[in-house]
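Whatever order the structure lists ligands and atoms in, that order sets their numbers, starting from 1. These numbers come from the heavy atoms of this one structure, side chains and all, not from hydrogens, waters or symmetry mates.
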Amino acid sequence: MGNEYRIALAGNPNTGKSTLFNALTGLRQHTGNWAGKTVSMAQGSVPFKDKVFQLVDLPGTYSLFSNSKDEEVARNYIVFEKPDVTLVVLDATSLERNLNLALQVLEMTKNVVICINLIDEAEKQGIKINEKLLMNRLGVPVIKISARNKIGFPLLLDTIDRIITGAIECHPAQMKYSDEIEEQIRKIEPKVREMVGDRISSRWVSLRLLDGDEALLNELNKRFVPEGVR
Ligand SMILES: Nc1nc2c(ncn2[C@@H]2O[C@H](COP(=O)(O)OP(=O)(O)OP(=O)(O)O)[C@@H](O)[C@H]2O)c(=O)[nH]1
Ligand SMILES: [Mg+2]
């Protein structure tokens with residue numbers, strides 16, 4: 001349908017993705033206080049203004065390389081299924097560790113919202129988070145929420161809506177690597193672009209290939225190379 005948009009929820013395990021998913025959709029995806037709860041993707045819809053957001057609860061992962069099935073599922077969804085917006089759910093009480101995954105997502109896709117969850121817990125612990133500064137550094141909206149207490153939802157939904165309409169444009173920060181790696185990227189990126197066009201970030205694919213990500217290479221072959229040529 002023309003007014004349906006897919007919104008993916010990514011993040012480290014145990015950051016409250018399913019709690020957010022359930023609170024927004026009214027569904028009952030399993031939640032728990034230990035890692036590895038969500039192993040497959042749950043979907044649920046959230047009507048908002050003239051639109052319907054189809055939320056996809058991805059498995060929680062510490063990175064988005066090809067280290068495990070979960071990472072591949074989450075990675076493939078973000079890169080190949082191309083959700084309209086990807087929410088990265090972070091735990092406000094361990095932001096530094098959580099930002100690692102956020103930076104990976106920013107390399108993979110353009111339309112990203114960073115949700116800093118468990119803001120209630122962070123406040124209890126006296127942790128102060130400057131979301132404006134983060135927003136400037138990361139180039140995408142950063143919103144403080146508490147999924148459990150349903151805090152921050154109106155702004156979150158409105159921000160998703162405004163990204164979809166184009167009222168907000170994301171400019172995700174790109175990590176700069178050593179001169180040597182940047183030089184290698186420059187060499188292979190044009191060839192990667194010939195293969196993937198502008199459907200996927202050619203810089204990100206180049207980086208993964210330089211890292212020897214064979215699972216990704218297989219996935220690219222499957223999706224982009226005609227069967228007779230592989
Ligand atoms: N204090 C507080 N706890 C929260 C909040 N959101 C989620 N939690 C708790 O954090 C724990 C993990 O929540 P889940 O929603 O299962 O986390 P998840 O990200 O889906 O975890 P995986 O599926 O393992 O990746 C649960 O005990 C939640 O009740 C919040 O806003 N504040
Ligand atoms: Mg979950």
Item to check | Any side-chain heavy-atom pair of Leu216 and Trp204 under 4.5 Å | outcome: yes
Item to check | Ser201 side chain to Glu107 side chain, donor-acceptor N/O pair below 3.5 angstrom | outcome: no
Next on the checklist: Tell me the nearest of Asp120, Leu118, Thr93 to atom 1 (N) of ligand 1, using heavy-atom distances.
Outcome noted: Asp120
Checklist outcome for this item: Quick look: Asn14 vs ligand 1, heavy-atom contacts under 4.0 Å, and the answer is both
Next on the checklist: Please check whether Asn149 reaches ligand 1 - meaning an N/O of the residue sits under 3.5 Å from an N/O of the ligand, judged on distance alone.
Outcome noted: no
Item to check | Hydrophobic cluster membership, Val88 vs Met175, 4.5 Å side-chain cutoff | outcome: yes
Checklist entry - Aromatic ring centroids of Phe48 and Phe53 under 6.0 Å? => result yes
Next on the checklist: Less than 3.5 Å apart, any donor N or O on the side chain of Glu121 or Thr93 sitting next to an acceptor on the other?
Outcome noted: no
Checklist entry - Which one of Asp70, Thr61, Leu58, Thr19 has a non-hydrogen atom at the shortest distance from atom 7 (C) of ligand 1? => result Thr19
Checklist entry - Does Pro59, backbone or side chain, put an N or O under 3.5 Å from an N or O of ligand 1? => result no
Checklist entry - Where the closest heavy atom to atom 30 (C) of ligand 1 is concerned, which of Arg148, Lys17, Lys124 has it? => result Arg148
Checklist entry - Does Phe153 have any ring-ring contact (aromatic ring centres under 6.0 Å, His included) partners at least two apart in sequence or in another chain, and if so, which? => result none
Item to check | Distance-only side-chain donor-acceptor flag, Asp57 / Ser18, under 3.5 Å | outcome: yes
Item to check | Contact check: Gly16 vs ligand 1, nitrogen or oxygen atoms, below 3.5 angstrom | outcome: yes
Checklist outcome for this item: One finds that the ligand 1 atoms under 4.0 Å from a non-hydrogen atom of Ser18 are 15 (O), 18 (P), 20 (O)
Checklist entry - Atoms of ligand 1 less than 4.0 Å from Ser146 heavy atoms? => result 30 (C), 31 (O), 32 (N)
Next on the checklist: Distance check below 2.8 Å: does Ser18 bring an N, O or S atom to the Mg ion (ligand 2)?
Outcome noted: yes
Item to check | Numbered atoms and elements of ligand 1 in range of Gly60, under 4.0 angstrom, heavy atoms | outcome: 25 (O)
Next on the checklist: I'd like to know whether ligand 1 has Asn117 as a neighbour, heavy-atom separation below 4.0 Å.
Outcome noted: yes
Checklist entry - Among pairs that include at least one residue of residues 132-141, which meet side-chain hydrogen bond (donor to acceptor under 3.5 Å, both in side chains), considering only residues two or more places apart or in two chains? => result none
